[in-house]
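Worksheet: one structure, shown below.
A note on names: the letters A, B, ... follow the listed sequences, proteins ahead of strands, and every chain is numbered from 1. When reading the values below, keep in mind they use all heavy atoms of this one structure, side chains included, and skip hydrogens, waters and symmetry mates.
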Amino acid sequence: MAEHKYKFNWLDWVIVSVVILAIIGGAWYFLKPKAQQNVASTSDITFQFQTKGASMQVAQSYKPGLKVIFGEKRADVGEIIDAKIYPQRDDLEDTLNGAWKTSIIPDFYVAVLTIKMPVTETASAFAGAGENVTIGKQTIIEGKGFATEGYVIGINDITQPQLDDPINTATRSGDMPDEDSFTTTQGGAQ
Amino acid sequence: MKITKRGIIIDIIIIVIVLAAIIGTVMRIKGTATTATNSANFEYTINIYGVKEGAAKGFQASNDTDAFMADNARTDDLGKVVGVEVKPAKDFIEMADGTFTMAELPNRYDVTLTLQLKGTQNDRGYFTPQQSNIGSGGLILGRTKYVFFEGYVGGVTPIDTPLPAGDN
């Protein structure tokens, strides 16, 4: 049987050209850089991360100096540089006086952690290796001996909320707070 | 080598399939060809209810920056934030006597963002450049540089003045 040698005809070349052009066009469309991504610089930011519903023992496990993995993609590592504990509050209806009142929930605590972490700041985001640092988005942190869900509630000095005094600053020494010292004023972490 | 009729037919079929795939991909990205769209500049508002102080400050810091969709599947450009209004949040209370009353929520704020966008429009409505509908009452999961939000589109109005180059 004679060997059948294949040769490209002009239609084959047309097909190859169309496919190559489609691949180049698709790559250009999907991979072209956005204008705002061109201006970027990597630096440390500090942000406040709030986690609710903790017992005092759990709240006191978040200590300054601990490394934390930030985000569901577990690609960013930061460090807790401050940790404060607040009583947990919730808004309740006062159905007699027609007002909303803020009340403390006994034995539930809110921890507000200030975390320092490197990000790439662009015109549109504080981009970590895995996910953006954005106020209001639910995400997770993990550290040595703890993992919790919560929200970023402030970034740098620009958006940090004015919180009440924490119920204690004893997280570094591990002292338990005096529950009588809880403030009942509105505000603070909720 | 001689080009056979059978070979030509197969080649033509392959070309048609490739072209159909390209056209289909373009239609999927740009919207269907049966829906005639025109580019349009429009202004719209997004209302976000009951945010805390840190988020309210984040929205204020977001003035004059770009906003984007932030759900799992879409990252459309939402346009440039040209206005941020922050006011105390209110919600209704059902009173003991069975009536309703509105009262301020402690330490909560309602935010209204005003955005300008270079998008498209047709008889069905206004769309982002990536063809997501922007219509009153529509839920938007979005973000700015500072804040992630869940808000509802308020009003949409066309604007005649061309937006500056480089803006969304």
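- A distance of 11.0 Å separates OG1 in A:Thr134 from CZ in B:Phe149, rounded to the nearest 0.5 Å.
- B:Phe68 approaches A:Ser124 most closely through the heavy-atom pair CE1-CB, 3.4 Å.
- The stretch residues 125-149 of chain B participates, sequence neighbours left out, in these salt bridge (charged side-chain N to carboxylate O under 4.0 Å, His left out) pairs: A:Glu121-B:Lys145.
- Residues B:Val86 and B:Ile48 share a hydrophobic cluster, clusters being chains of Ile/Leu/Val/Met/Phe/Trp/Tyr side chains in contact below 4.5 Å.
- Of the two parts of B:Thr144, only the backbone, made up of N, CA, C and O, holds a non-hydrogen atom closer than 4.5 Å to a non-hydrogen atom of chain A.
- Aromatic ring centroids of A:Phe126 and B:Tyr146 lie under 6.0 Å apart.
- Under the 4.5 Å side-chain heavy-atom criterion for grouping Ile, Leu, Val, Met, Phe, Trp and Tyr, A:Ile105 is not connected to A:Val58 through any hydrophobic cluster.
- Listed by chain and residue number, A:Asn97 satisfy the side-chain hydrogen bond (donor to acceptor under 3.5 Å, both in side chains) test with A:Asp94 (two or more places apart in sequence, or in another chain).
- Counting only heavy atoms from C-beta outward, the side chains of B:Asp11 and A:Ile15 approach each other to under 4.5 Å.
- By the 4.5 Å heavy-atom criterion applied to side chains, A:Asp91 and B:Pro106 are counted as neighbours.
- Note that NZ of B:Lys52 is 4.5 Å distant from CD of A:Gln50, once rounded to the nearest 0.5 Å.
- Looking at A:Trp100, its side chain does come within 3.5 Å of a backbone N or O of B:Asp91 through a donor-acceptor pair.
- Taking all atoms of both residues into account, the shortest heavy-atom contact from B:Ala96 to A:Leu96 is CB-CD2, 3.9 Å.
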Could you walk me through whether B:Val51 and A:Ile135 pass the side-chain contact (heavy atoms from CB on, under 4.5 Å) check? CA-CA 10 Å; B:Val51 304; A:Ile135 296 170; over 6 Å; no
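- The two residues B:Ala103 and A:Gly98 make their nearest non-hydrogen contact at CB-O, 3.4 Å.
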Taking it one step at a time, do A:Val18 and B:Ile15 satisfy side-chain contact (heavy atoms from CB on, under 4.5 Å)? CA-CA 8 Å; A:Val18 168; B:Ile15 290 174; 5.7 Å; no
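- Proximity to chain A is limited to the side chain of B:Val18, based on heavy atoms less than 4.5 angstrom apart.
- With a 4.5 angstrom heavy-atom cutoff, A:Val152 does not touch chain B via any of its atoms.
- With rounding to the nearest 0.5 Å, the separation of NZ in A:Lys101 from CG in B:Leu105 is 15.0 Å.
- Atom CD of A:Glu93 and atom CZ of B:Phe92 lie 7.5 Å apart (nearest 0.5 Å).
- Note: B:Arg108 CZ to A:Thr102 OG1 = 9.0 Å, rounded to the nearest 0.5 Å.
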